[in-house]
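We number each residue from 1, following the sequence as shown.
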Amino acid sequence: MKRTLIKHVLESDQIGGRVKVAGWVRTRRDSKGGFSFLELNDGSSFAGVQIVVPGEIENYESEILNVTIGSAVAVTGELVESPGSGQRVEIHAGNVHVYGYADPDDYPLQKKQIGFERLRELAHLRPRTNTFGAMARVRNALAYATHRFYQERDFLYLHTPMITASDAEGAGEMFQVTTLDVGAPPRVDDAVDYSQDFFGRPTFLTVSGQLEAEAYALALDRVYTFGPTFRAENSNTRRHLAEFWMIEPEVAFADLSDNADLAEAYVRYLFQYILDHCSTDLEFFNKWVDDGLLARLDSIASADFRRITYTDAVEVLSKAEVAFDYPVDWGVDLQSEHERYLTEVAFEQPLIVTDYPSDIKAFYMRRNDDGKTVAAMDVLVPGVGEIVGGSQREERHDVLYESIVAKGLPVDDYWWYLDLRRFGSVPHAGFGLGFGRIVQFATGMQNIRDAIPFPRTPNSAEF
Ligand code: ATP
Ligand code: MN
């Protein structure tokens, strides 16, 4: 018989029909009347289905009474209306096949409440918990909504390389990729001889697909990437990973204001999408993880973001009656504490901060006429701080050349990027959204390590 996913069983109106389900047992209760209840979950929905196993089935004593939390079983039986209050329907088992037991002396997910830190050491089993099942479904919905948003707007999904030869933007420390023997690399004089390395030069894992995305935007009008990026930054914070997924749209014939419009529309679309499609999972997070979550998602999905310049933001911060760890002065980069003060205390809503000092931003951002600032933007949201960083790109060849030199970057490496400004250059803009930060925000999870299946952070790559 064909198997039905539990989420479809729970919605089914085929009362009296035969169904087959399979999954992992969450609880077993034995009744005095000589039968048992199993709660079975297959991850297709937050809720599991209740199975009533009569004592008469042939393997009741030999097998069913050895089925414990974590065991995998398949059940064939009749779908009936449930007399209990917890569920609409349940299954009266005619046959239970046990695929695999989970020895209760060893299986670690016995207790109802296990701390998130402990669960990180059980990254291979935590998907079987309520929290991580819900996280995975919300993450999936956000990924699907991302493609929908861009595809509906005629963006082309672009795959940019993960191995790169240049530190694209000095965005962070990079991981080196090499096939040389790291213990004894070939040398010329004192230096490592990279001409013998796989690519004939030093290579790294990319920190961003942006520069390559620009090449395609300047031919195909609007593109987006959605792939993994890598930063060896040793920042042990609750919002940084060493490997994270990023979405980077890039649009030709667009300026900073178009870019801010796109970022706002995208973020609001994501939250509306999960409000519409993940309500049970979000209610769980709202109840157990962050009781302001649903209200916050709602308010972001339905209200305009506020836009202010960096200069005005610094003005607000310098008047703030709180003691920041890092003092604020025009010219400094905003720290997480500043970002959060702005979005959580000063304005109490998502913000788009624009026009940052050129000294603290990347070489490719378009220089403003004041000579001091660039057409950059960050989107800040309560609870997380920065989720989007972007800019209008410098499309003027000579200005770009100057700022590569001024930043002390190896101008020869950027020949192809400069070429894009020599041949048919146009104004264009884009941004990067950290997918993990969005999942973190959308679930209320405190730590980004709990917003991705297998987090990569300093000293942690076991699973
Ligand atoms: P931050 O100041 O928070 O480190 P950033 O300025 O380095 O961010 P960008 O280089 O602009 O970030 O990257 C674009 C987006 O990628 C950020 O807005 C953020 O959402 C996400 N991001 C950046 N670094 C990380 C990281 N280490 N882990 C997870 N997400 C990240
Ligand atoms: Mn960073």
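Side-chain contact between Asp42 and Leu5: present, with at least one pair of heavy atoms (C-beta onward) separated by less than 4.5 Å. Between Arg306 and Ile352 the shortest side-chain heavy-atom distance does not fall below 4.5 Å. Inter-residue side-chain proximity for Gln272 and Arg268 is flagged as unmet; no heavy-atom pair is nearer than 4.5 Å. Here the side chains of Phe435 and Phe244 are not in contact, with every heavy-atom distance at 4.5 Å or above. Taking the side chain as every heavy atom from C-beta outward, Ser358 and Arg367 never approach each other to under 4.5 Å. With contacts defined as side-chain heavy-atom distances shorter than 4.5 Å, the pair Leu418/Ile404 qualifies. Leu262 places a side-chain heavy atom less than 4.5 Å from the side chain of Phe149. The shortest side-chain heavy-atom distance between Ser391 and Phe431 does not fall under the 4.5 Å cut-off.
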Tyr341 vs Phe324, ring-ring contact (aromatic ring centres under 6.0 Å, His included): CA-CA, chis, key distance, verdict: CA-CA 10 Å; Tyr341 176 86; Phe324 293 118; 5.6 Å; yes

List the steps and the verdict of side chain to side chain donor-acceptor pair (under 3.5 Å) for Glu248 and Ser208. CA-CA 8 Å; Glu248 296 182 279; Ser208 158; 2.8 Å; yes

Determine, step by step, whether Asp359 and Lys407 satisfy the salt bridge (charged side-chain N to carboxylate O under 4.0 Å, His left out) criterion, reporting the C-alpha distance in whole Å, the side-chain angles of both residues, the deciding distance to 0.1 Å, and the verdict. CA-CA 9 Å; Asp359 287 347; Lys407 298 255 181 206; 5.4 Å; no

Is there a side chain to side chain donor-acceptor pair (under 3.5 Å) between Asn368 and Asp355? Walk through the geometry before answering. CA-CA 8 Å; Asn368 287 329; Asp355 303 295; 2.9 Å; yes

Please evaluate residues Tyr356 and Leu334 with respect to the criterion side chain to side chain contact (heavy atoms under 4.5 Å, CB included), reporting the C-alpha separation (whole Å), side-chain torsions for both, the decisive distance (0.1 Å), and the verdict. CA-CA 10 Å; Tyr356 285 73; Leu334 299 183; 4.2 Å; yes

Would Asp290 and Arg296 count as a salt bridge (charged side-chain N to carboxylate O under 4.0 Å, His left out) here? Give the steps. CA-CA 10 Å; Asp290 174 354; Arg296 211 163 51 235; 2.8 Å; yes

Take Glu386 and Arg239 through the salt bridge (charged side-chain N to carboxylate O under 4.0 Å, His left out) test and state the conclusion after the steps. CA-CA 10 Å; Glu386 177 187 335; Arg239 49 180 216 151; 5.6 Å; no

Would you please test Arg393 and Glu250 for salt bridge (charged side-chain N to carboxylate O under 4.0 Å, His left out) and show each step? CA-CA 10 Å; Arg393 318 307 189 188; Glu250 191 70 36; 2.8 Å; yes

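Not a single donor-acceptor pair under 3.5 Å links the side chain of Asp189 to the backbone N or O of Ala191. A donor-acceptor pair under 3.5 Å is formed between the side chain of Arg187 and the backbone N or O of Asp190. Looking at Ser403, its side chain does come within 3.5 Å of a backbone N or O of Phe363 through a donor-acceptor pair. When atom types are taken as modelled, the side chain of Ser425 and the backbone of Arg422 share no donor-acceptor pair closer than 3.5 angstrom. Judged by distance alone, with hydrogens and angles left aside, the side-chain atoms of His338 form a donor-acceptor pair with the main-chain N or O of Gln335 at under 3.5 Å. Thr160 places no side-chain N or O within 3.5 Å of a backbone atom of Ala213 that could act as its donor or acceptor partner.
Listed by chain and number, the residues in a salt bridge (charged side-chain N to carboxylate O under 4.0 Å, His left out) with Asp312 amount to none (sequence neighbours excluded). Under the rule for a side-chain hydrogen bond (donor to acceptor under 3.5 Å, both in side chains), the partners of Asp370 that lie at least two apart in sequence or sit in another chain are Thr373. Listed by chain and residue number, nothing satisfies the salt bridge (charged side-chain N to carboxylate O under 4.0 Å, His left out) test with Lys2 (two or more places apart in sequence, or in another chain). In this structure His428 satisfies the ring pair (Phe, Tyr, Trp, His ring centres under 6.0 Å) test with no other residue, sequence neighbours excluded. The side chain to side chain contact (heavy atoms under 4.5 Å, CB included) test applied to His147 returns Tyr157, Tyr224, Phe226, not counting sequence neighbours. Judged as a side chain to side chain contact (heavy atoms under 4.5 Å, CB included), and not counting sequence neighbours, the contacts of Asp333 are Ile360. Residues passing the side chain to side chain contact (heavy atoms under 4.5 Å, CB included) test with Ala442 are Val138, Leu142, Phe271, Ile274, sequence neighbours excluded. Pro228 pairs by the side chain to side chain contact (heavy atoms under 4.5 Å, CB included) definition with Met162, Phe230, Trp245, not counting sequence neighbours. Remark: Glu348 pairs with no residue by the side-chain hydrogen bond (donor to acceptor under 3.5 Å, both in side chains) rule, at least two apart or across chains. Applying the salt bridge (charged side-chain N to carboxylate O under 4.0 Å, His left out) criterion to Arg222, with sequence neighbours excluded, gives no partner residue.
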Distance-only donor-acceptor hits, side chain of residues 114-125, under 3.5 Å, sequence neighbours excluded:
| unit_1 | atom_1 | unit_2 | atom_2 | d |
| --- | --- | --- | --- | --- |
| Arg118 | NH1 | Glu121 | OE1 | 2.8 |
| Arg120 | NE | Asp450 | OD1 | 3.0 |
| Arg120 | NH2 | Asp450 | OD2 | 2.9 |

Could you list the donor-acceptor pairs under 3.5 angstrom formed by side chains in residues 452-463, with sequence neighbours left out?
| unit_1 | atom_1 | unit_2 | atom_2 | d |
| --- | --- | --- | --- | --- |
| Arg456 | NH1 | Phe463 | O | 3.3 |
| Arg456 | NH2 | Phe463 | O | 2.7 |

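Contact record, Ala217 with Val251: CB-N, 4.3 Å, taken as the closest heavy-atom pair. Of all the heavy atoms in Phe441 and Leu297, the pair that sits closest is CE2-CD2, 3.9 Å. Closest non-hydrogen pair, Gly331 versus Tyr310, comes out as N-OH, 2.8 Å. Listed here is the closest heavy atom pair of Phe132 and Arg126: CB-O, 3.0 Å. Minimum heavy-atom separation, Ala134 to Phe284: CB-CD2, 4.4 Å. Of all the heavy atoms in Gln392 and Asn259, the pair that sits closest is N-ND2, 4.5 Å.
If you check the side chains of Tyr269 and Glu152, you find a donor sitting under 3.5 Å from an acceptor. Residues Tyr364 and Glu214 have side chains that never bring a donor and an acceptor to within less than 3.5 angstrom of each other. A side-chain donor from one of Asp193 and Gln196 sits under 3.5 Å from a side-chain acceptor of the other.
Ion pairing of Arg139 with Asp281 is absent here, as no side-chain N (NZ or NE/NH1/NH2) approaches a carboxylate O to less than 4.0 Å.
Applying the 6.0 Å contact sphere to CZ of Phe175 captures more than 12 heavy atoms from other residues, nucleotides or ligands. Counting non-hydrogen atoms of neighbouring residues, nucleotides and ligands closer than 6.0 angstrom, the CH2 atom of Trp330 exceeds 12 such neighbours.
With values rounded to the nearest 0.5 angstrom, Thr225 atom OG1 is found 13.5 Å from Tyr216 atom OH. How far CE of Met445 is from OG1 of Thr131: 6.0 Å, rounded to the nearest 0.5 Å.
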